[in-house]
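What follows is one structure encoded as structure tokens, with my remarks underneath.
Worth knowing before you read on, the calculation uses all heavy atoms, side chains too, and leaves out hydrogens, waters and symmetry mates.
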Amino acid sequence: MDALLLSRIQFGFTVGFHILFPTLTIGLAWFLVFFEARWRRTQQAHWLELYRFWVKIFALTFGMGVVSGLVLSYQFGTNFSRFSELAGPVMGPLLSVEVLTAFFVEAGFLGVMLFGWDKVGPRLHFLATLLVAIGTTNSAFWILSANSFMHTPQGAEFVDGVLIPQDWWAIVFNPSFPYRLSHMLLASGLTTALVIAGGSAWCLSRGLYCEASRSALKTAIAVLALAAPAQIVVGDFHGLNVREHQPMKVAAMEGLWETTRGAPLVAFAWPDQAAQTNRFAVEIPKLASLILTHELDGEVLGLNEVPRAQQPPVLPVFFGFRLMVGLGFVFVLLGASGVWTWLRGRLDDATRLQQAFMLATPLGFVATLAGWIVAETGRQPWLVNGMIRTADGVSPIPAASVAVSLALFVLVYGLLFAAYLYFVFKLVRKGPALPETHLEAMRGARPGELLIDEAEPQGAR
């Protein structure tokens, strides 16, 4: 393998590892805002228990995101230095604004969230939690703007061989940006809801922290029931946008080799790119045209419209898309089942639903990774679609050097992830219950300051 392919694999591995953590922190930050708001409003102890427990998970995940994200910035210079030269005037300011307006806010107020509970007033602490949540969302805004520009570039043009900004408004709000940002924020909410639902279902199934677990599960179900259908709607609009601006990505997603009117939906196949055909295809007539053009006989471009060298790798795009969409419908089913069981008052003894939520805990991450594989692999062979080819952006470095660094990344990231899971499970085993000294202090509060959930037997904790 040459340096180009190895650099792509290395960046794909590191960005895939990194995206796991912002996906959780973006959604979890807003869950923490809700938990603290409920605590401030009701003064019921289980909301405080939930906040104090999940803020530890947030801090641990945030730290992992920072560590893994720093590496990505360096790879722009080490592995894709030519891309930095060609597109630096556009990409540099976008990424710098993300650091200045988003990361600094998150990092600055994270300390107040973690250590300021007894050191600042309640309003200031809630403001810190809110600003951290706003910071995580703002970070997603700028990162997705930069990434979306690479998919649907506008507002910049080449001057003396370098991509120079001409209209920053057009660059930031490029054609695919609103859809990609909405898609990612909903993915973060769904992923976090599944993590909280899975943990809460596990506790309920064992009779642990029942009041806190029940409230957390209801909150997660509500988010899941709202966000999963919304994600399908946003995904449909996003697909129409991709068809307009990146038709070859859509052709790879659909496994469509020839431009076709009334194109069938390929439910399953094994795409053979060498032969430019699908093996073992199972098709639904005209459904792809109906979805993509909203007409039964609408025309959908095929991969034959471009030379083979300009076709994206079809296999990962084809299967990644089906995995992402399939999981999306699973999330809709889980949300609907959760709401139905909740309305019937059966959450505590719904054993099968609890088991389903436990099994679904990591599926949000799987769907997110599948979506990123579809988006980024489907953009190939372009770094900036139609303007800068991936082969033109790679650094002139030996393949052996990239291979060694890739092996080290796999080793170190494997150890980091193992350590992360160890500490997460350690926190889960400890549970969300507040320290007894904290509870005793709260029981001595003045009337009206605090309502302790005395209805729950201590044995249930």
Side-chain angles (χ1 to χ4, degrees), residues 14-37 39-40 48 50-77 91-147 172 181 184-185 187-189 191-192 195-196 365 368 372 409 412-413 415-417 419-424 426-427:
T14 52
V15 77
F17 182 86
H18 168 72
I19 198 61
L20 298 174
F21 305 105
T23 300
L24 183 58
T25 55
I26 292 168
L28 190 53
W30 289 105
F31 271 88
L32 290 172
V33 169
F34 178 78
F35 291 157
E36 185 168 1
W39 153 247
R40 296 298 179 190
L48 180 59
L50 286 171
Y51 182 93
R52 296 293 285 262
F53 171 74
W54 285 105
V55 79
K56 297 174 185 176
I57 304 292
F58 177 88
L60 185 60
T61 308
F62 180 85
M64 288 290 292
V66 171
V67 170
S68 58
L70 286 173
V71 174
L72 301 177
S73 302
Y74 285 108
Q75 285 185 78
F76 281 114
M91 301 300 293
L94 290 175
L95 298 178
S96 298
V97 169
E98 186 272 333
V99 173
L100 293 172
T101 66
F103 177 73
F104 283 178
V105 172
E106 298 173 65
F109 286 93
L110 180 63
V112 179
M113 281 180 62
L114 296 175
F115 309 113
W117 194 270
D118 300 319
K119 297 177 177 63
V120 299
R123 292 182 179 178
L124 181 56
H125 190 277
F126 179 74
L127 178 62
T129 304
L130 182 61
L131 287 174
V132 169
I134 292 172
T136 60
T137 306
N138 190 29
S139 180
F141 178 97
W142 291 107
I143 294 297
L144 265 296
S145 177
N147 183 261
V172 173
L181 177 64
M184 185 62 207
L185 292 179
S188 297
T191 300
T192 308
V195 169
I196 292 178
F365 297 106
T368 300
W372 274 91
F409 275 125
V412 173
Y413 276 24
L415 294 174
L416 279 174
F417 193 63
Y420 171 77
L421 291 178
Y422 170 79
F423 284 108
V424 166
K426 186 175 181 180
L427 288 171

### Message
Would you say the ring centers of H125 and Y51 fall short of 6.0 Å from each other?
### Response
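They qualify: ring centres under 6.0 Å apart.
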
### Query
Centroid-to-centroid, F31 to F58, below 6.0 Å?
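Ring-ring flag for F31/F58: false, centres at least 6.0 Å apart.
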
Output the distance between atom [atom1] ([X]) and atom [atom2] ([Y]), rounded to the nearest 0.5 Å.
X: R123; Y: L127; atom1: CZ; atom2: CG; result: 11.5 Å
X: L32; Y: T129; atom1: CG; atom2: OG1; result: 7.0 Å
X: I57; Y: T25; atom1: CD1; atom2: OG1; result: 12.5 Å
X: Y422; Y: K426; atom1: OH; atom2: NZ; result: 4.5 Å
X: T137; Y: L144; atom1: OG1; atom2: CG; result: 11.0 Å
X: F141; Y: I134; atom1: CZ; atom2: CD1; result: 14.0 Å

Is there a donor-acceptor pair under 3.5 Å between the side chain of [X] and the backbone N or O of [Y]?
X: S188; Y: M184; answer: yes
X: T136; Y: A133; answer: yes
X: N138; Y: E98; answer: no
X: S145; Y: W142; answer: no
X: S139; Y: G135; answer: no

Any side-chain heavy atom of [X] sitting closer than 4.5 Å to one from [Y]?
X: M64; Y: F17; answer: yes
X: F417; Y: L421; answer: yes
X: V195; Y: F365; answer: yes
X: T23; Y: W372; answer: no
X: V132; Y: V105; answer: no
X: I143; Y: L95; answer: yes

### Task
List in chain and number order the residues that pass ring pair (Phe, Tyr, Trp, His ring centres under 6.0 Å) with H18, two or more places apart in sequence or in another chain; answer none if no residue qualifies.
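H18 satisfies ring pair (Phe, Tyr, Trp, His ring centres under 6.0 Å) with no residue once adjacent residues are dropped.
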
If every non-hydrogen atom of [X] is compared with every non-hydrogen atom of [Y], which pair is closest and at what distance?
X: L94; Y: A146; value: CD1-CA, 3.7 Å
X: F21; Y: S68; value: CD1-OG, 4.0 Å
X: P122; Y: E36; value: O-OE2, 4.3 Å

### Query
Given M113 and F62, is the side chain to side chain contact (heavy atoms under 4.5 Å, CB included) satisfied, shown in steps?
CA-CA 13 Å; M113 281 180 62; F62 180 85; over 6 Å; no

### Query
Would F35 and L48 count as a side chain to side chain contact (heavy atoms under 4.5 Å, CB included) if you check the C-alpha gap in whole Å, the side-chain angles of each, and the deciding distance to 0.1 Å?
CA-CA 7 Å; F35 291 157; L48 180 59; over 6 Å; no

### Residue pair L28, T61: steps toward the side chain to side chain contact (heavy atoms under 4.5 Å, CB included) verdict
CA-CA 10 Å; L28 190 53; T61 308; 5.6 Å; no

### Message
Parallel, tilted or perpendicular, judged at 30° and 60°: which one describes the rings of Y413 and F409?
### Response
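It falls in the perpendicular class, over 60°.
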
